[in-house]
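I have placed the structure first, in the form of structure tokens, so that the comments after it can refer back to it.
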Amino acid sequence: MNFTNLSTTGGTYSWNFGAGNTPSTSTAYTPPTVLFPNPGTQNVTLTVDLLGCTSSDTVQVTILPRPVPSFTAVPSSGCSPLNVTLTNTTTNSPGNIYSWDLGNGNTSSSQNPPGQTYIAGANDSIYNIELLVTNSSGCQDSVTIPVTVHPLPVAGFSMSDDTVCAMDNIFFTNASTGINIYNWDFGDAGTGTTANPVHAWSNAGNYTITLIAT
């Protein structure tokens, strides 16, 4: 809040804005902007001393409370596509207005918006979800929660052959992208965890080979 001094010039000035405010006092003719951090009613007093004669003036300042917005986003990280449930945990006072920016191009004015699905790009994608709350006094505040979405890996591989004799090796060449962990199932209870495994089957038959990429 800014104050305008309408007093006689040429004197000394003593402002008292109240304890806990920034600043709480000033001796400038025109004081700096004052921050009132707490809601309520407070008195601001200016005392002027001109040649030993003093006079004071007091005005009453009313500080309206801001809303305290809060919400949860569950889960706040995961694999694409990520389904996120949003729950508004703001204290719901009469007259509250809710404005959501859901970070994916969607908006909502509901107290609790519908769940959202977030898709990753080629790399990790971060979506910032913002809730802006306006109370009945017109005071506003907002809170933002980031949601991180990880891209899915792409599993793929090739084989040196698809028809061999029992006990002959087949060589596997990994063609996957975005992978840190390999889990191979060779269809005969045999498994592997290397990128490019080699495997032989003891018994004749048809086997399905699976690579699970993580």
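The residues of the chain are indexed from 1 along the displayed sequence. Both backbone and side-chain heavy atoms feed into the values below; hydrogens, waters and symmetry mates do not.
- The same ILVMFWY cluster, assembled from side-chain heavy atoms under 4.5 Å apart, contains both Met159 and Val164.
- The structure places OH of Tyr29 at 6.0 Å from OG1 of Thr9, a figure rounded to the nearest 0.5 Å.
- Taking a 6.0 Å sphere around CG of Asn123, one finds it holds 12 or fewer heavy atoms contributed by other residues, nucleotides or ligands.
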Legend entry - side chain to side chain contact (heavy atoms under 4.5 Å, CB included) evaluation trace for Asn88 with Tyr98: CA-CA 9 Å; Asn88 190 344; Tyr98 302 99; 3.2 Å; yes
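- Under the 4.5 Å side-chain heavy-atom criterion for grouping Ile, Leu, Val, Met, Phe, Trp and Tyr, Val68 is not connected to Phe71 through any hydrophobic cluster.
- A donor-acceptor pair under 3.5 Å links the side-chain atoms of Ser108 to the main chain of Ser110, judged by distance alone.
- In plain terms, the two heavy atoms of Gly18 and Ser24 that are nearest each other are O-CB, 3.4 Å.
- Here the closest heavy-atom approach between residue Pro81 and residue Ile119 is recorded as CB-CD1, 3.3 Å.
- Nearest heavy atom pair, residue Thr45 against residue Ser56, reads CG2-CB, 4.4 Å.
- Taking the six-membered ring where tryptophan is involved, the planes of Trp184 and Phe157 are perpendicular, since the angle between them exceeds 60° and thus also 30°.
- Heavy atoms from other residues, nucleotides or ligands lying under 6.0 Å from CD1 of Ile212 number 12 at most.
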Inset, instruction - With side chain to side chain contact (heavy atoms under 4.5 Å, CB included) as the test, would you mind laying out the steps for Leu131 and Thr90 before giving the verdict? - result: CA-CA 10 Å; Leu131 169 61; Thr90 306; 3.8 Å; yes
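- Counting only residues at least two apart or in different chains, ring-ring contact (aromatic ring centres under 6.0 Å, His included) contacts with residues 105-141 comprise Tyr118-Tyr127.
- Residue Phe186 holds its CZ atom at 6.0 Å from NE2 of His199, rounded to the nearest 0.5 Å.
- Nearest heavy-atom pair, Ile129 versus Leu102, reported as atom, atom and distance to 0.1 Å: CG1-O, 3.6 Å.
- Taking CG of Asn203 as the reference point, atom CG of Asp188 lies at 8.5 Å (rounded to 0.5 Å).
- Counting only heavy atoms from C-beta outward, the side chains of Cys139 and Pro67 approach each other to under 4.5 Å.
- With hydrogens and angles ignored, the 3.5 Å screen pairs a side-chain donor or acceptor of Asp161 with a backbone N or O of Thr163.
- Remark: side-chain polar atoms of Arg66 are not paired, donor with acceptor, to backbone N or O of Asp141 under 3.5 angstrom.
- Using modelled atom types and a 3.5 Å distance limit, the side chains of Asn16 and Thr25 yield no donor-acceptor pair.
- For the atom pair CG (Leu86) and OG1 (Thr72), the distance works out to 7.5 Å, reported to the nearest 0.5 Å.
- When atom types are taken as modelled, the side chain of Asn112 and the backbone of Thr87 share no donor-acceptor pair closer than 3.5 angstrom.
- With ring centers used as reference points, Phe36 lies 6.0 Å or more from Phe17.
- Put simply, the side chain of Val149 does not reach to within 4.5 Å of the side chain of Ser77, judged on heavy atoms.
- Residues Ser136 and Asn96 fail the side-chain proximity criterion, which asks for heavy atoms closer than 4.5 Å.
- The side-chain heavy atoms of Leu6 and Thr4, taken from C-beta on, include a pair separated by under 4.5 Å.
- Under the 4.5 Å side-chain contact rule for hydrophobic residues, Val59 and Tyr13 share a cluster.
- In this structure, Leu152 is not a member of the same hydrophobic cluster as Val154, with clusters built from ILVMFWY side-chain heavy atoms closer than 4.5 Å.
- Between Asn92 and Gln111 there is a side-chain heavy-atom pair separated by less than 4.5 Å.
- A side-chain donor from one of Ser70 and Thr89 sits under 3.5 Å from a side-chain acceptor of the other.
- When only modelled atom types and interatomic distance are considered, Tyr207 and Asp162 share no side-chain donor-acceptor pair under 3.5 Å.
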Inset, instruction - For side chain to side chain contact (heavy atoms under 4.5 Å, CB included), just list the numbers for Glu130 and Val143, CA-CA rounded to whole Å, side-chain angles, deciding distance to a tenth of an Å, and then say yes or no. - result: CA-CA 6 Å; Glu130 181 185 51; Val143 63; over 6 Å; no
Inset, instruction - Check step by step if side chain to side chain contact (heavy atoms under 4.5 Å, CB included) holds for Leu211 and Ser176. - result: CA-CA 9 Å; Leu211 168 60; Ser176 308; 3.5 Å; yes
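- A donor atom on one side chain and an acceptor atom on the other are found under 3.5 Å apart for Ser7 and Asn5.
- Scanning both residues, Val147 and Ala73, for their nearest heavy atoms gives CG2-CB, 4.2 Å.
- No side-chain donor from either of Thr107 and Asp101 sits under 3.5 Å from a side-chain acceptor of the other.
- No donor-acceptor pair under 3.5 Å is formed between the side chain of Ser80 and the backbone N or O of Pro151.
- No side-chain heavy atom of Val133 sits less than 4.5 Å from a side-chain heavy atom of Gln140.
- In this structure, the separation between OG1 on Thr41 and CD1 on Ile63 is 7.0 Å, given to the nearest 0.5 Å.
- No path of Ile, Leu, Val, Met, Phe, Trp and Tyr side chains, each step under 4.5 Å between heavy atoms, connects Leu132 with Trp100, placing them in separate hydrophobic clusters.
- Under the 4.5 Å side-chain criterion, counting only non-hydrogen atoms from C-beta, Asn183 is in contact with Ile181.
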Inset, instruction - Would you sort out whether Asp185 and Thr191 count as a side-chain hydrogen bond (donor to acceptor under 3.5 Å, both in side chains), showing the intermediate values? - result: CA-CA 5 Å; Asp185 182 344; Thr191 60; over 6 Å; no
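- Asn196 CG to Ser158 OG: the interatomic distance, rounded to the nearest 0.5 Å, is 8.5 Å.
- Ring planes of Phe3 and Trp15: tilted class, angle from 30 to 60°.
- Heavy-atom minimum distance, Asn128 versus Pro146: OD1-CB, 3.5 Å.
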